[in-house]
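Every number for a ligand or one of its atoms is a count from 1 in the order of the listing.
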Amino acid sequence: MRVALGVSGGVAAYKAAELVRKLQQEGLDVQVIMTESAREFITPLTFAALTGQKVITEMFGGEAHSSANVESAIEHIAVAQRIDLLAVAPATANTIAKMARGVADDFLTTLYLATTAPVVVAPAMNVNMWEHAATQENVETLRARGVHVVPPEEGYLACGMTGAGRLASVDAIAAAVMGRLGIAHDLQEETIIVTAGPTCEDIDPVRFLTNRSSGKMGYALAQAAVRRGAEVILISGPTRLDPPQGVQFVSVRNTEQMHRAVLAHFPRATALIMAAAVADYRPVALQTKKMKRVSGRLNLELEPTVDILADAARGKGDRVLIGFAAETENVAEHARGKLESKQADLIVANDVTAEGAGFDHDTNVITLYSRDGSEKAFPRMPKIDAAHRILDQLRALRQATGQAAAAERAR
Ligand code: CTP
């Protein structure tokens, strides 16, 4: 989701840098817009470096502007249409007044008029300016229009006075933004272990057995769960992906290490999602020296690895266990079989031969099979959206187990 962050002039402008970071951690794409006076307090370079995007500072593209530069002349409309939310933090008395009156004399205030996206405003100013009837009236006007105002905090102000006027905490502003975007922190109570990627079973110092898992589905689940407020432990086999921000990352190589890592974190977890493509077999013996070519056939003896999901299910308690079934045929039959054999609460099945599904794709086509016999099929969607649908189900299952446990206690 895309958020435009308007920074207006005030000592608190530096805190907007921290807010950018926080919003990025929540998985949001942030476009910063600075008013002229904001640039007296902090340079656009800081925000450009944080966001990796050009910071918008001028209504008409600044020096680069020429009469032929139609693109920059209508940029506010393009940004207005592109964003899912406009946040203004810190918002000065002057910017609030302009927004309340519909004055559009710079990019930020013009964007406010041009966008239909929800707006969050976090004021910061001197206590007398905040309490002034003009400011209070303007804030009320914005509120009546549906703008979400995150009130300033009481405290010691940069001007030397004490009172209300200090910019609300970065956490409070970010929570307001997430709330308005409809990204609820509905998994705040959960500690979720997500496994991802392949496991590699070494044959000798240069060779190993593995599979085509990219880790994308597991990493998307970890990112989505963090965004919804869960504490996430991501246990990953080797992948080319960067761990999402905010997860506790545990890097493993083989099935045995993944098993140990899952068991180590399992006692404090409320859910386990086994998205990893775990090797089912490993070489009986690991050769310490590189194996040499032999004449004729070579037999490699393999032994089964531990079934991590089935093993975790034995000490399950009221945890929710979710497994994956990547199949090439008879998807429903195999998925239901795995529900039973692994004692999982939910199996996420996908036909890896279907278009836009499976290994290394950014999209997936999933069907969720539950123990109560129900199944939910979803159309092809980005893996991050599929992750949210799986987490919706996790939440429902956790509520159901919580209710069942409460009913049990009441008996
Ligand atoms: N799994 C596991 N430990 C293993 C193998 C698989 O925990 N040693 C988990 C996977 O992470 C996945 C689920 O079990 O969530 C199903 O994995 P899959 O490989 O499809 O199932 P298998 O039981 O190995 O069956 P098969 O390979 O024969 O389809």
Side-chain angles (χ1 to χ4, degrees), residues 192-202 208-222 225 232-239 250-266 269 271-284 302-316 319-354 357-360 364-371 375 383 386-387 389-391 393-394 397:
I192 306 175
I193 301 173
V194 180
T195 66
T199 58
C200 299
E201 304 301 332
D202 291 329
F208 55 90
L209 293 174
T210 190
N211 58 67
R212 291 176 53 200
S213 169
S214 64
K216 283 182 181 173
M217 192 62 234
Y219 279 55
L221 276 159
V232 177
I233 301 133
L234 174 61
I235 301 172
S236 174
T239 74
V250 183
S251 168
V252 297
R253 178 164 176 82
N254 58 36
T255 306
E256 196 184 322
Q257 291 168 355
M258 185 172 277
H259 182 221
R260 257 189 273 132
V262 167
L263 292 190
H265 292 93
F266 200 63
L272 166 65
I273 308 179
M274 285 294 304
V278 184
D280 287 321
Y281 294 93
R282 65 175 186 184
V284 170
L302 303 176
E303 64 184 6
T305 57
V306 59
D307 188 324
I308 303 173
L309 187 52
D311 188 46
R314 282 188 265 276
K316 180 174 183 297
R319 295 175 189 84
V320 165
L321 302 193
I322 301 180
F324 274 68
E327 306 291 346
T328 54
E329 56 178 359
N330 303 334
V331 178
E333 190 188 323
H334 286 132
R336 293 224 166 275
K338 283 173 191 178
L339 263 180
E340 270 314 308
S341 66
K342 292 168 191 273
Q343 290 295 299
D345 298 291
L346 189 77
I347 289 285
V348 182
N350 64 329
D351 182 345
V352 286
T353 62
F359 302 122
D360 216 20
N364 209 351
V365 186
I366 58 166
T367 306
L368 306 182
Y369 294 88
S370 309
R371 287 195 81 73
E375 64 180 73
K383 281 186 170 166
R389 300 295 77 77
I390 295 165
L391 293 173
Q393 199 67 21
L394 181 152
L397 285 164

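- A salt bridge does not link E201 to R253: none of the charged side-chain nitrogens sits closer than 4.0 Å to a carboxylate oxygen.
- Near ligand 1, heavy-atom contacts under 4.0 Å come from M274, A276, V278, A279, D280, T305, V306, D307, I308, L309, G323, F324, K338, K342.
- Across T199 and A279, no two heavy atoms sit closer than the pair OG1-N, 2.8 Å.
- Atom CZ of R212 sits in a sparse spot, with 12 or fewer heavy atoms from other residues, nucleotides or ligands closer than 6.0 Å.
- No side-chain heavy atom of L309 sits less than 4.5 Å from a side-chain heavy atom of F324.
- Classification of R260 and E256 as a salt-bridged pair holds, one side-chain N sitting under 4.0 Å from a carboxylate O.
- With sequence neighbours left out, the salt bridge (charged side-chain N to carboxylate O under 4.0 Å, His left out) criterion links K383 to no other residue.
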